[in-house]
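Atoms considered below: every heavy atom in the structure, side chains included; atoms not considered: hydrogens, waters and symmetry mates.
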Amino acid sequence: MKSLLCLPFCLLAHVAWAQDRPTQDTVAATPIIEKLFNTADRAIDLVSGENWAFIPAVTYSPETRLGLGVRAIRIFRPEKGSINHPSTLPVTFLYTLNKQVMLSAAVDLWQKENKNHLSARVEFSDYPFKFYGMGNHRQDKLEENYASKKAHAWLTYQKRLGQNIYIGPRYEYKWEDIYRCDEGGLLDSGKLRGSQGQSISGVGVALSFDSRNNIFQPDRGAFHQVQVMSFQPFLGSQYTFTRTVMDFRKYVAVHKQQVLALQAWYSLVTGEPPFQEVSLIGGSDIMRGHFEGKYRDRHAMVYQAEYRMPVYRKLRLVLFASAGQVAPKVSAYAFGRFKYGGGIGFRYRLTEEGLNIRLDIAYGAQKAFYFGLNEVL
């Protein structure tokens, strides 16, 4: 496994050396390659209108297997001629081979020269999934299958206080009904909080520092955010707990459109949360190469890095690596507890704003493929 993790960095050294020579954009491509890229560009233009782009939603990950559906996304600026970041309005319907159904709509709105930022999302799903118990060392033999119907919504409004600093309130609501689980398992016993479903409601605050030069494809600047959420009975929450999430990202322009993206991510949960709301790692965004939620506990830390470089026209190559762990208490963190992942990815730019289609091939506890939209970091 560790030898596999070395592969991306060996490739990175070779590609970085090769980039000192004339880039592929300056070298005459073969007619076949030109035709392939021209066909891809025409296909993107076909589904992209002036206001909305309608994209066949094709996704793949170990958690869902193949997913098919449709995604409509609008990228716009509410105040024409302003320096606002682009706002987005995506709507997605998806059905996967794991018989998972998801419908979601979101908005990310920037106004008044980026002084006001509103982000919100609502999602409805019928979602068969897997549970591997709690802790940093789980075995596949503990795997339990369950299925739940879920409604999840959150809203964050932030106002800029000074240069690049934003602060504002956040609200989150989630309802979940677990209607099927394996007989004789931990969820079936009813002894685990949340095994009968959950209904949580919480308020909190989000504090951000955002100096990125592009919200889709930054090559310099930073994005740091701290969210503190409190879920209490007087807010209508079935469970009482507090969740703190810290997300620190840095973007460095290295050489000839090559970018190094770094992330440190921490999640701390106190109180009496249901098993669904503890900290977890894995999935398409946090620790690719590990099944989402296979490792879960009260606290988690993850470190991730990506090296992005141009290949030809709108095609880019990404090398990535990650390390993370979960623990019942902060003092239990240890170097020997880290799980590792890494791999290689490809990006194809959909819009001039920098929105990408992405394909990642990851190695961790398993070999995994991820296909979707936009960057991870």
Side-chain angles (χ1 to χ4, degrees), residues 61-64 98-102 123-154 172-202 204 227 229-245 265-283 285-287 290-302 324-333 337 339 365-366:
S61 72
E63 295 81 19
T64 64
N98 282 351
K99 298 182 179 179
Q100 298 155 326
V101 181
M102 290 164 280
E123 178 181 307
F124 302 95
S125 63
D126 188 338
Y127 208 82
F129 208 55
K130 297 180 184 293
F131 174 64
Y132 291 91
M134 307 287 289
N136 200 61
H137 301 285
R138 297 292 92 188
Q139 301 297 326
D140 289 341
K141 64 182 180 181
L142 299 177
E143 174 186 312
E144 297 181 34
N145 296 290
Y146 74 98
S148 68
K149 295 179 180 179
K150 181 168 60 178
H152 185 200
W154 58 259
E172 183 175 353
Y173 171 80
K174 186 183 293 184
W175 171 88
E176 183 175 9
D177 173 37
I178 297 179
Y179 63 87
R180 187 177 68 245
C181 59
D182 288 346
E183 292 185 9
L186 184 58
L187 297 180
D188 186 47
S189 72
K191 297 179 180 179
L192 191 67
R193 282 192 299 269
S195 59
Q196 305 296 314
Q198 62 166 325
S199 177
I200 61 170
S201 176
Q227 291 182 11
M229 295 291 299
S230 180
F231 298 84
Q232 301 292 331
F234 72 86
L235 296 171
S237 183
Q238 180 182 0
Y239 297 97
T240 304
F241 63 99
T242 299
R243 181 177 64 225
T244 301
V245 176
W265 181 88
Y266 309 93
S267 175
L268 301 96
V269 179
T270 59
E272 298 181 348
F275 80 92
Q276 302 95 323
E277 303 305 320
V278 298
S279 304
L280 55 87
I281 61 177
D285 296 327
I286 302 292
M287 293 286 294
H290 296 269
F291 194 92
E292 182 180 1
K294 187 171 186 178
Y295 305 104
R296 65 176 74 204
D297 215 318
R298 287 184 174 269
H299 310 308
M301 65 162 64
V302 173
Q325 61 179 286
V326 300
K329 51 187 178 180
V330 174
S331 60
Y333 284 138
R337 294 168 58 92
K339 312 296 180 185
Q366 59 190 3

Restricting to side chain to side chain donor-acceptor pair (under 3.5 Å), what partner residues turn up for [X], sequence neighbours left out?
{"X": "Tyr266", "value": "Tyr303"}
{"X": "Glu172", "value": "His152, Arg243"}
{"X": "Asn98", "value": "Arg65"}
{"X": "Asp188", "value": "none"}

Return the set of residues passing ring pair (Phe, Tyr, Trp, His ring centres under 6.0 Å) with Phe291 (not counting sequence neighbours), or none when no residue passes.
Phe129, Tyr132
Closest approach of [X] to [Y] (non-hydrogen atoms, all atoms of both residues):
{"X": "Gln232", "Y": "Thr240", "result": "OE1-CG2, 3.3 Å"}
{"X": "Asp182", "Y": "Asn145", "result": "OD2-N, 2.8 Å"}
{"X": "Glu63", "Y": "His290", "result": "OE2-O, 3.7 Å"}
{"X": "Lys130", "Y": "Glu143", "result": "NZ-OE2, 3.0 Å"}
{"X": "Val245", "Y": "Ser267", "result": "CG2-OG, 4.2 Å"}
{"X": "Tyr333", "Y": "His299", "result": "OH-CB, 3.3 Å"}

With heavy-atom distances below 4.5 Å as the criterion, would you say the side chains of Gln325 and Met301 are in contact?
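The answer is yes; the side chains approach within 4.5 Å.
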Leu235 side chain reached by Tyr173 side chain, heavy atoms, under 4.5 Å:
no
Side chain to side chain contact (heavy atoms under 4.5 Å, CB included) evaluation trace for Leu192 with Leu187
CA-CA 6 Å; Leu192 191 67; Leu187 297 180; 3.9 Å; yes
Considering only residues two or more places apart or on different chains, which pairs with a residue in residues 189-201 satisfy side chain to side chain donor-acceptor pair (under 3.5 Å)?
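Qualifying pairs: Tyr171-Ser201, Glu176-Gln198, Gln198-Glu277.
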Rounded to the nearest 0.5 Å, what separation is found between the NZ atom of Lys339 and the CG atom of Asn136?
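The distance works out to 4.5 Å.
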Atom pair CZ/CE of Phe275 and Met134 - distance to nearest 0.5 Å
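Reported to 0.5 Å precision, the distance equals 9.0 Å.
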Tell me whether Lys150 at atom NZ has more than 12 heavy atoms from other residues, nucleotides or ligands lying less than 6.0 Å away.
yes
Do Asp297 and Val278 pass the side chain to side chain contact (heavy atoms under 4.5 Å, CB included) test, and can you show the C-alpha distance, the side-chain angles, and the key distance before you say yes or no?
CA-CA 6 Å; Asp297 215 318; Val278 298; 5.9 Å; no
Could you tell me whether the side chain of Arg298 and the main chain of Gly271 form a donor-acceptor pair under 3.5 Å?
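Checked: pair present.
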Apply the test side chain to side chain contact (heavy atoms under 4.5 Å, CB included) to residues Lys174 and Ile200: give CA-CA distance (whole Å), side-chain angles for both, the deciding distance (0.1 Å), then the verdict.
CA-CA 5 Å; Lys174 186 183 293 184; Ile200 61 170; 3.7 Å; yes
